[in-house]
Amino acid sequence: MSLFQLPADYVARSEPCYFDDSPFLDSSIVHQPEIYEAADYFLQASGRTRILDIGFGNGRKLRQVRAREHIGVDFGSNIALCRECFGAWGTWLEADFSHDDCAAIAAFADTGTVVVCADVVEHLLDPGPLLNLLAQCYRRGAIVITSTPDREKVRGLADRGPPANPAHVREWALDEYVAYLDASGLPATFAGRTVNNNIVRALRTIVTVHDMAVNRARASVVQSVVAPQRPLALLAAYNEADVIAEVIEDLIAEGCDVAAIDNWSTDETWPILKRLAARHPHHVRIECFPAEGPARHYEWRKILRRKAEIAHGFPGRWILHTDADELRRSPFPGLDLAAALQVAARAGANRVASNLIHFRPTDARPFQPGTLKSAFSHFEFGTRPGHFKQVKAWLQGPDQVDLASSGGHVASFPGAVDFPYRFLLRHYPIRSAAHGRRKILADRRGRWCPDERALGWHVQYDDFSESAPGFWNSRDLVTSDRDFWRDHGLPLITDIAQRRWAAGIPSTGRHSESVGARAEVQAGSRVHADAS
């Protein structure tokens, strides 16, 4: 590896041309659009007010970010364009990122700032001064977001340069880039891929997020010699015998204890719960609810209130409101759920939101109990407004939380401080065609509480019928593979999945791939679609 963490035989370009972004001010193609959506998310989620865009190009993406103060830094025709077109709307600073004196720009960064540096590093003969600037912003408490094209995804595994884009000096693969940033004083809080542009939407651009407060909290949790109290997962179940054991064992493995509430199941759920409680007497407690016996209807509000009552008895402990068809995961690879919740607490948060993805059966095969984590290879992001309200983990304080008012979507309590990094909720509501028919038509539909239906609850399966196939076409879903977190982590730790849904953007990206290819040919784009 070279100084830049590139292969020893990599050949860089010795004389790059200046990239003038002004011709693309009105282009239909927007490069790396989700970088700025992520910046907007972190501004809102962390209560920050300033965005500092280093190498902003023509400035149009910066205008979309909601901030009290917009500062753009560039040089040449790009900054001249912004001063002419946008004037006093933002603060436009001139700096050459190949010179050491650009580090003075770090004075504009602090704990109220999000810094963006999108597709700049690959343009510089010596990126050292730029990375020194970014590292100083990071040390001053700013959240720093960077991007650059992924050489392996754009050019292929065998590419050794120079880049095809005449404005690029060198290009990195993901692991190389992360190592280079780390060696330059920018350890990543998240590193993965994002879409290259708004039309093709191929995962060919590297994205990194650097957050010193969270990195320090994570390091302190990893290095701690004092075992914190285990989070308590409050799990409600009705006829979930095929998954209940695997889900509870998974929660225990993730560092949690479990309080399971069985709503008088008619299958083997209760006997399984009794065996689990006997096997894990220090980690599993169980009860039937209502205590007096089965009710005529499935009364979700009463179950939610019971969960809040149980939680109130465990002050100072993380609580998770969860169900028997869900697996919870940390947003930090290598940290289990319990450790990640401690990171959130040490970063000053007392409530955590999650992003939900639904895993779907793609054929008529029956589901085999015990295979929840291995049987499903395809998923979809949220498809309803409620899927994007999953604020269901909290650090229990002196007040009893309110779960019932939101139908269980949000744990409300005074003084809630949300962690800006969302956790992952892997949902398996229908495990097979036969399971779907039994769950919806037999176990659920006849038991809905009329009062709750009048509130608009329990409507998610209204379109399901006896003739429904009960499985999904894999072409309409996203494949879960070994690069799952790298490829989908950005929309999962932010609200980008929700933004895609609101904009009607297909989560698979197939439709937009072909449309985008045609659009680029028709537009006669002068630069490579994967980077500016």
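The 12-atom threshold is exceeded at CZ of Arg160, counting heavy atoms of other residues, nucleotides or ligands nearer than 6.0 Å.
Closest approach of Ala347 and Ala217 over heavy atoms only: N-CB, 4.1 Å. Nearest heavy atoms, Glu268 versus Pro271: O-CD, 3.2 Å. When every heavy atom of Ala164 is checked against every heavy atom of Arg155, the shortest pair comes out as CB-NH1, 3.8 Å. When every heavy atom of Ile143 is checked against every heavy atom of Val209, the shortest pair comes out as CG2-CG1, 4.0 Å. Considering every non-hydrogen atom in both Ala344 and Val352, the closest pair reads CB-CG2, 3.9 Å. Nearest heavy-atom pair across Leu234 and Lys307 is O-NZ, 2.8 Å.
Under the 3.5 Å distance criterion, the side-chain polar atoms of Glu240 are left unmatched by any main-chain donor or acceptor of Ala237. In this structure a side-chain-to-backbone donor-acceptor pair under 3.5 Å is missing from His435 to Phe367. Arg431 contributes a side-chain N or O that, together with a main-chain N or O of Tyr428, makes up a donor-acceptor pair within less than 3.5 Å. Proximity of a side-chain donor or acceptor of Lys439 to a complementary backbone N or O of Pro429 within less than 3.5 Å is detected. Under a 3.5 Å cut-off, the side chain of Glu249 and the backbone N or O of Leu276 do not form any donor-acceptor pair. Formation of a donor-acceptor pair under 3.5 Å by the Asn239 side chain with backbone atoms of Ser265 is not found in this model. Here the side chain of Asp150 pairs no donor or acceptor atom with the backbone of Arg204 at under 3.5 angstrom. Proximity of a side-chain donor or acceptor of His210 to a complementary backbone N or O of Leu186 within less than 3.5 Å is detected.
Taking the ring centre of Tyr238 as origin, the terminal cationic atom of Arg447 falls inside the region bounded by 6.0 Å and 45° from the ring axis. Trp472 carries Arg360 over the face of its six-membered ring, with the cationic atom under 6.0 Å from the centre and within 45° of the normal.
Atom SG of residue Cys256 and atom CZ of residue Arg317 lie 9.0 Å apart, to the nearest 0.5 angstrom. To the nearest 0.5 Å, atom CD of residue Gln390 and atom CG of residue Leu424 are 11.0 Å apart. Rounding to the nearest 0.5 Å gives a distance of 7.5 Å between OG1 of Thr494 and CZ of Arg499. Arg329 CZ to Asn355 CG: the interatomic distance, rounded to the nearest 0.5 Å, is 15.5 Å. Rounding to the nearest 0.5 Å gives a distance of 9.5 Å between CG of Asp481 and OG of Ser377. Separating the CG atom in Asp119 from the OG1 atom in Thr205 is a distance of 5.5 Å, to the nearest 0.5 Å.
The shortest distance between side-chain heavy atoms of Arg218 and Phe332 falls below 4.5 Å. A heavy-atom distance below 4.5 Å is found between the side chains of Asn263 and Tyr298. Looking at Asp211 and Tyr421, their side chains come closer than 4.5 Å, going by heavy atoms from C-beta outward. Contact check for Thr146 versus Tyr177: side-chain heavy atoms found under the 4.5 Å cut-off. Two residues are said to be in side-chain contact when any heavy atoms from C-beta on lie closer than 4.5 Å; Val207 and Phe190 meet this criterion. Residues Leu320 and Lys392 fail the side-chain proximity criterion, which asks for heavy atoms closer than 4.5 Å. Proximity of Asn350 to Phe413: side-chain heavy atoms (C-beta onward) are separated by under 4.5 Å at one or more points. Leu235 has its side chain out of reach of Asp323: every pair of non-hydrogen atoms, C-beta onward, lies at least 4.5 Å apart.
Paired with Ile51 under the rule side-chain contact (heavy atoms from CB on, under 4.5 Å), one option of Ile145, Val115, Val116 passes, and it is Val116.
Applying the side-chain hydrogen bond (donor to acceptor under 3.5 Å, both in side chains) rule to Arg453 yields the partners Asp462; only residues at least two apart in sequence or on another chain are considered. Residues that satisfy the side-chain hydrogen bond (donor to acceptor under 3.5 Å, both in side chains) test with Glu452, not counting sequence neighbours, are His458.
Centroid-to-centroid, the aromatic rings of His358 and His387 come within less than 6.0 Å. The six-membered or imidazole ring of Phe379 lies near that of Phe484, with a centre-to-centre distance under 6.0 Å. Ring centers of Trp501 and Phe381: at least 6.0 Å apart, outside the cut-off.
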Going through the distances and angles, do Asp257 and His283 end up as a side chain to side chain donor-acceptor pair (under 3.5 Å)? CA-CA 5 Å; Asp257 293 341; His283 300 307; 2.7 Å; yes
Next on the checklist: As a quick check of understanding, evaluate salt bridge (Lys or Arg N to Asp or Glu O under 4.0 Å) for Glu299 and Arg301, giving each step before the final call.
Outcome noted: CA-CA 6 Å; Glu299 296 178 292; Arg301 280 182 296 187; over 6 Å; no
(message) The test is side chain to side chain contact (heavy atoms under 4.5 Å, CB included); show your working for Gln64 and Asp40 and say whether it passes.
(response) CA-CA 8 Å; Gln64 301 168 7; Asp40 182 78; over 6 Å; no
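A salt bridge links Arg500 to Glu34: one of the charged nitrogens lies within less than 4.0 Å of a carboxylate oxygen. A salt bridge does not link Arg151 with Glu122: none of the charged nitrogens is closer than 4.0 Å to a carboxylate oxygen. The pair Asp495-Arg422 does not meet the salt-bridge criterion, since no charged nitrogen lies less than 4.0 angstrom from a carboxylate oxygen.
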